[in-house]
Peer 1: 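For reference, the structure I am asking about is given below.
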Amino acid sequence: MKQVLEFEKPVVELREKIAELKTYTEDSEIDLTDEISTMEKRLENLENDIYENLKPWDRVQIARHSERPTTLDYIELLFTDFLEFHGDRLYGDDEAMVAGIAKFDGKPVTVIGHQRGKETKENIRRNFGMPHPEGYRKALRHMKQAEKFHRPIICFIDTKGAYPGKAAEERGQSEAIARNLMEMAGLQVPIICVVIGEGGSGGALALGVGDKIHMLENSTYSVISPEGAAALLWKDSGQAQRAVETMKITSYDLKELNIIDEIIQEVRGGAHRDVKQQAGYIGKVLTDSLNELGDLSKEDLLEKRWEKYKQIGDYAELDSE
Amino acid sequence: MLKDFFSKKRKYASIPREEAKQDIPQGLMQKCKNCQKIFYRKELIKNLNVCPNCGYHHQMPAYDRIASLFDEGTFEEWDKELTSANPLRFPDYEDKLEKDRQKTELNEAVVTGAGEIDGKKASVAVMDSRFRMGSMGSVVGEKIARAIEKAGEHSLPFIIFTASGGARMQEGVLSLMQMSKTSVAIQRFSAGGGLMVSIMTNPTTGGVSASFASLGDYNFAEPGALIGFAGRRVIEQTIREKLPDDFQTAEFQLKHGQLDKVIARHDIKQTLSTLLDIHQAREERS
Ligand SMILES: [Zn+2]
């Protein structure tokens, strides 16, 4: 069964009612065409009203939708000749992270992304898309290889966060994330990052240092989950809705804060409604970004990358004493 | 009465006993957080806030750290005037900042600048966990990034003392982005041959641990310091298992290969001096 989100219940209910009436009309003598068309008009208005005015919390629900397309879904639709490769060469292979090489618009690229599962079994195998250090080290290994062979890097960000586990700490979760941040800063190939679902904290950021940072319209990017923020701020994880508004985590918020480059339009109601169309929207932005970055010299690329990050932040100056 | 006599005597004894010490005005005495023994504050400060009894390393105010490290009169502070705005218009944030400014006499959770250690010039960033738990907001990120950039311009080594509970919640995703901002600065500095030394003090967790704290050419820590990415409680809830007492201590990190060395506070200046000397000697030769 399709997962119905809280805010779209009225739409779903009305749609079901219309379907019911249609079936009824087919089997009976009574003509309800007029009534149906009135209701369809109402449905259209209702859909406009709800989907064009999504609140931050609604977007969080969409970002977490169980059928929201994942990295591998987009890879399949956006790239050709994708070859997935495994392992960090140090400890193991983390299936919460996928990496490989492929062609985009006929040109070679390296693709890396967090990977969730869509049902329980796959989610367990992929640790719900929450990487251990070996996931980040696998990603870095592929990035270094991309640099060696002059391939642009495309990163899909989609994680609740780096895994908070005992083994992860023992193997240096902090160091693995920190190293990615630093190494990505110096890679002499274009890096394009796209937040496709939840961008949770350092675990998301570890794939997020690049020349272009884009976000799907209904994705989120935050320092802490709304529930975590609510628990910290008001000692009540139930106030997550309020936390979402206070913490400013939607694509629109990040655009306003001057952190991301582009908001990638989403299919009405969310990317899961039409993955193919959604991939098309992403593909167009990737093409533009790659064209733009491809013209830059290595020096300009790195200089611009530094300037991009240097300006992030908001502070004041006291009158000098 | 006999009772009165005793209590009087206690009050005026030259070496105050434990009970009497509690009567002494606050600020004069301080209790060790670990062994609970009570000391004159001055005695503790003179001992670099290390407990003379058990060796526990208490937090160290940024300016005390600087005084303990740099040759007298050589330290010059940078970007002191930078102060936090309230970019997300977070309720109560400004009040909290003001309270901490008054409590600590600092403008923010990090002090940056340069000075000489045994005559060798070095730049430094010292975090102070008394200010908003040393959390990283825009100002902390900006001051550290600027200090690194300046160190690069003047070919100075960069030394950082970290003390942080992690992200500055009230600055949301801007806080998160300071991790990348500082890391990009370090990459440029490092690519230019710059020497960076990180010394993690209690606590160094979350976003600070997962960015500049772990990015030194040498990563050190003070004994007993709490160092880790995720919080103990979060991990225990996630894995439904009780963690050992020494989990995420400096010694634990050393054992797991995450640190170059654990250095007692009293030995830090000497170690840094030697390290700078070895690096300078190399530069002179080339
Ligand atoms: Zn003690």
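A quick note: this is a predicted structure, and the numbers were derived from the prediction, not measured. Letters A, B, ... are given to chains in the order of the sequence lines, protein chains preceding strands, and every chain is numbered from 1.
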Peer 1: Under 4.5 Å heavy-atom distance to chain A, tell me which part of E149(B) shows up: side chain, backbone, both or neither.
Peer 2: side chain
Peer 1: Based on non-hydrogen pairs under 4.5 Å, which of L215(B), N86(B), I227(B), D79(B) is most in contact with chain A?
Peer 2: L215(B)
Peer 1: Counting only non-hydrogen atoms closer than 4.5 Å, does A185(B) touch chain A with its backbone (N, CA, C, O), its side chain (CB onward), both, or neither?
Peer 2: both
Peer 1: E303(A) versus chain B, heavy atoms under 4.5 Å apart: side chain, backbone, both or neither?
Peer 2: both
Peer 1: Measure from the side-chain N and O atoms of E76(B) to the backbone N and O of A114(B), and report whether any donor-acceptor pair falls under 3.5 Å.
Peer 2: no
Peer 1: If we count only N and O atoms by modelled type, under 3.5 Å, do the side chains of E307(A) and Q311(A) hold a donor and an acceptor together?
Peer 2: no
Peer 1: Counting heavy-atom pairs closer than 4.5 Å to chain A, which one of Q178(B), Q253(B), Q237(B) comes out on top?
Peer 2: Q178(B)
Peer 1: At a heavy-atom distance under 4.5 Å, which candidate from M177(B), K255(B), R188(B), E236(B) has the highest pair count against chain A?
Peer 2: R188(B)
Peer 1: Where does E108(B) contact chain A at under 4.5 Å (heavy atoms): side chain, backbone, both or neither?
Peer 2: neither
Peer 1: Look at atom CZ of R89(B) and say whether more than 12 heavy atoms of other residues, nucleotides or ligands are closer to it than 6.0 Å.
Peer 2: no
Peer 1: Considering non-hydrogen atoms only, spot the tightest contact between L243(B) and R232(B) and give its length.
Peer 2: O-NH1, 3.4 Å
Peer 1: Tell me, side chain or backbone of F212(B) under 4.5 Å from chain A's heavy atoms, or both, or neither?
Peer 2: neither
Peer 1: Do D253(A) and T250(A) have side-chain atoms, one donor and one acceptor, less than 3.5 Å apart?
Peer 2: yes
Peer 1: Go through the atoms of S201(A) and report whether side chain, backbone, both or neither lie under 4.5 Å from a heavy atom of chain B.
Peer 2: both
Peer 1: Could you tell me which portion of I249(A) (side chain, backbone, both or neither) has an atom closer than 4.5 angstrom to a non-hydrogen atom of chain B?
Peer 2: neither
Peer 1: Counting only N and O atoms by type, is there a donor-acceptor contact under 3.5 Å from the side chain of S175(B) to the main-chain atoms of E171(B)?
Peer 2: no
Peer 1: Taking side chain as everything from C-beta outward and backbone as N, CA, C, O, which of these in Q170(B) sits under 4.5 Å from a heavy atom of chain A? Side chain, backbone, both or neither.
Peer 2: neither
Peer 1: Tell me, for L302(A) versus chain B, whether the close heavy atoms (under 4.5 Å) come from the side chain, the backbone, both or neither.
Peer 2: backbone
Peer 1: When you check the side-chain N and O atoms of E222(B) and T201(B), is any donor under 3.5 Å from an acceptor?
Peer 2: no
Peer 1: As an exercise: rank T205(B), T238(B), L176(B) by heavy-atom pairs under 4.5 Å with chain A and give me the winner.
Peer 2: L176(B)
